[in-house]
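Here's the structure, in structure tokens; my notes come after.
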Amino acid sequence: GYYLKPLQASLIRAGIQPKGWAFDAMLAGYVLQSGRSSYPLPDLVQDYLGERLPTEDTTGESGLAAYTCAEAAACLRLEQVMSQQVAAMSCADVLYRIEVPLSEVLARMELAGVAVDVAYLHQLSDVLEALLRAKESEVYTLAGEPFNIASPKQLGQILFEKLKLPVGKKTRTGAYSTDAEVLEQLAAEYPICRSILEYRELSKLKSTYADVLPRLVHPSTGRIHTSFNQTVAATGRLSSSEPNLQNIPIRSEAGRQIRRAFVAAPGNRLLSADYSQIELRLLAHVSGDERLLQAFADDRDIHAATAMLLFGVPEEGVTPELRRKAKTVNFAVLYGMSDYGLSLELGMSVGEAHAFIENYFRQLPGVRRYLEETLAFARQHGYVTTLYGRRRYLPEIHHANRNVRQAAERAAINSPLQGTAADIIKLAMIDLDRRLRQEGYRARMVLQVHDELVLDAPAEEVPALAELARECMSGVARLRVPLKVDVEVGDNWAEMEKFMG
DNA sequence: GCATGATGC
DNA sequence: AGCATCATGC
């Protein structure tokens, strides 16, 4: 078949649970070349069969029948060719044990949807509107005139020409940058910058979330049914759209008010299970670095443990500031840090950042070895892989332009880690979905947010479900480090409490 | 349609 | 600084 998920959803909605889905050409296309922007069937037919699918003429009934038959025939032949190639690049497990079975799980999740409190969102929208108007007046007063705050061009003119604030960085096109980093720098001395930041936050919350989410509530289910896209992210992650439920605010207090709108069905509770530090645990596993492995074996606070190593202080000497620096370095490693990037982040010179990184590698030599081996592999083969064999091609690893080449090098470091984490949670979703159905749970998996699964569950199922989710998620891979899973339970997605057990 | 800037992991 | 989606301006 081709793009089976909608078909699977239709069948499931009709109460039919077909088994033995064998092949999906769209998913095969994704596994073979995850960097493509999309996988239209005519393109796959052209690229893998060297043929042209007849042009779509579905005006009449006979035209529709003929085109549908041509599609079906093409899929059968695509399976022969693509399956061979998938096997030849050792991606059979990724396609047949991960992506194909996951498709049906995603269909079930999309059908289940998630409940939102619409009345609450309307109320919140009105509050945001009032706060926004007040903040707008505040900005106009500080600027000495009204203007469109949402226009970066007008805002740049007001701040850097009229008010003569010191110019920070410029954008790629040479305009004054007014992004949060620039405004944050200026905010201590110029209150208007703080006001603009607050205006931006409120504006984002209202226009992207409070005003849009209620419109996407399905009239018959009363729930929001996102799309989980399986072929978008080059690393193997899922994405979510219409609406994106993978970027619901959590960090700011105002943002968390949006999250409160995501609720359990009546009589139910929301259960969230998330992997703790999965990417750093994977770094420990694939690098085999002794100290990193030991830190996770001891279930240490990894950023604090890193701070002890980097700064040579005892546990009680780890100040919040040192821990924050160590945390930044840990993330920088996952993203394939350059000393330049780290220097910007930590506000130090490139030389200091370089010394920082050298110190990190001296303390964690296994990590350096892994990063060097991964880069060498990418340069030699032109791709990198996850633990389960998922491949990402990096043609720009030999690019003549240094910036382009270095971006590819960072992707070479990051993709195996981000992609392996994606493989693992996908496997866990398949397993958990099977267990939920086999064991007759009424709970439904409703969201996946990269390292987190959210279930909408009858209150009485919560204790057993917490155990089941933990078991599925941490048991799905046997690594040199434990996969720690934290479980939280609550009536809404903002107010969750740790679940012990 | 691209640029910018917001949100998440 | 890795990976995404969405709103807005122009």
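Values below: all heavy atoms of this structure, side chains included; hydrogens, waters and symmetry mates excluded. The chains referred to below are lettered A, B, ... by the order of the sequence lines, with proteins before strands, and numbering in each begins at 1. Treat the numbers as computed from the prediction; the structure is a model and nothing was measured.
- For the pair T235(A) and dG2(C), the criterion of a side-chain N or O lying under 4.0 Å from OP1 or OP2 is not met.
- Within 4.0 Å (heavy atoms only), I248(A) reaches sugar-phosphate atoms of the nucleic acid but no base atom.
- Nucleic acid contact class of A332(A) (heavy atoms, under 4.0 Å, all strands): base.
- At the heavy-atom level, E242(A) lies under 4.0 Å from the strands shown only through sugar-phosphate atoms.
- Listed candidates were dC9(B), dT7(B), dA1(C). Nearest to the side chain of M337(A) is dA1(C).
- In this structure, of dA6(B), dA1(C), dG5(B), it is dA1(C) that holds the atom nearest to the side chain of Y340(A).
- A donor-acceptor contact under 3.5 Å is not formed by the side chain of N244(A) with the base of dT5(C).
- Among the protein residues, S252(A) comes within range of no part of the nucleic acid, since none of its heavy atoms lies under 4.0 Å from any strand.
- Listed nucleotides: dA7(C), dC9(B), dA6(B). Nearest to the side chain of T208(A): dA7(C).
- Listed nucleotides: dT5(C), dC10(C), dA6(B). Nearest to the side chain of V232(A): dT5(C).
- Among the protein residues, F331(A) comes within range of no part of the nucleic acid, since none of its heavy atoms lies under 4.0 Å from any strand.
- Heavy atoms of T178(A) sit under 4.0 angstrom from primed sugar atoms or phosphate atoms, though from no base atom.
- Nearest to the side chain of I250(A), among dT7(B), dG8(B), dA1(C), sits dG8(B).
- To the nearest 0.5 Å, atom CZ of residue R237(A) and atom CG of residue D451(A) are 8.0 Å apart.
- For dT5(C), the OP1/OP2 oxygens have a side-chain nitrogen or oxygen of S239(A) closer than 4.0 Å.
- Nucleotide dG9(C) holds its P atom 11 Å from the CD1 atom of I149(A), rounded to whole Å.
- Of the possible polar contacts, none joining the S241(A) side chain to the N244(A) backbone as a donor-acceptor pair under 3.5 Å is found.
- Between the CG atom of L447(A) and the C1' atom of dG8(B) there is a distance of 13 Å, rounded to whole Å.
- Nucleic acid contact class of A422(A) (heavy atoms, under 4.0 Å, all strands): none.
- Evaluation of Y335(A) against the base of dG2(C) yields a stacking contact (centre distance < 5.5 Å, interplanar angle < 30°).
- The distance from atom CG of N414(A) to atom P of dA1(C) is 13 Å, rounded to the nearest whole Å.
- Using a 4.0 Å heavy-atom criterion, one finds that S240(A) contacts the sugar-phosphate atoms exclusively.
- Distances from the side chain of E345(A) to the nucleotides dC9(B), dA1(C), dG5(B) place dA1(C) closest.
- For I196(A) and dT4(B), the CD1 to P distance is 18 Å, given to the nearest whole Å.
- Of the charged side-chain nitrogens involved, at least one lies within less than 4.0 Å of a carboxylate oxygen, so that R133(A) and E136(A) count as a salt-bridged pair.
- Of the candidate nucleotides dG5(B), dC9(B), dT5(C), dT5(C) has the atom nearest to the side chain of N229(A).
- Distance I258(A) CD1 to dA6(B) C1': 13 Å, rounded to the nearest Å.
- The CZ-C1' distance, from R200(A) to dT4(B), rounds to 8 Å in whole Å.
- Note: H303(A) and F331(A) have tilted aromatic rings, judged against thresholds of 30 and 60 degrees for the angle between ring planes.
- Residue R237(A) is in base contact, counting any heavy-atom pair closer than 4.0 Å across all strands shown.
- Picking from dC9(B), dT7(B), dG5(B) the nucleotide with the shortest atom distance to the side chain of P249(A) gives dT7(B).
- Here L205(A) lies out of heavy-atom contact (under 4.0 Å) with every strand.
- For Q418(A), counting side-chain heavy atoms from C-beta on, the closest listed nucleotide (dT4(B), dG8(B), dG2(C)) is dG2(C).
- Side-chain contact annotation: T306(A) with R291(A), donor-acceptor N/O pair under 3.5 Å absent.
- Nearest nucleotide to the side chain of L344(A), out of dA6(B), dG9(C), dA1(C): dA1(C).
- When heavy atoms are screened at a 4.0 angstrom cut-off, A421(A) is found touching no nucleic acid atom at all.
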Salt bridge (Lys or Arg N to Asp or Glu O under 4.0 Å), that's the test. Do E409(A) and R379(A) meet it? Break it down for me. CA-CA 9 Å; E409(A) 289 170 358; R379(A) 289 179 185 127; 3.2 Å; yes
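- A straight line from CZ of F228(A) to P of dT5(C) spans 13 Å, rounded to a whole angstrom.
- In this structure, K153(A) places its NZ atom 13 Å from P of dG9(C), rounding to the nearest Å.
- Ring pair F377(A)/Y383(A): centre-to-centre distance below 6.0 Å.
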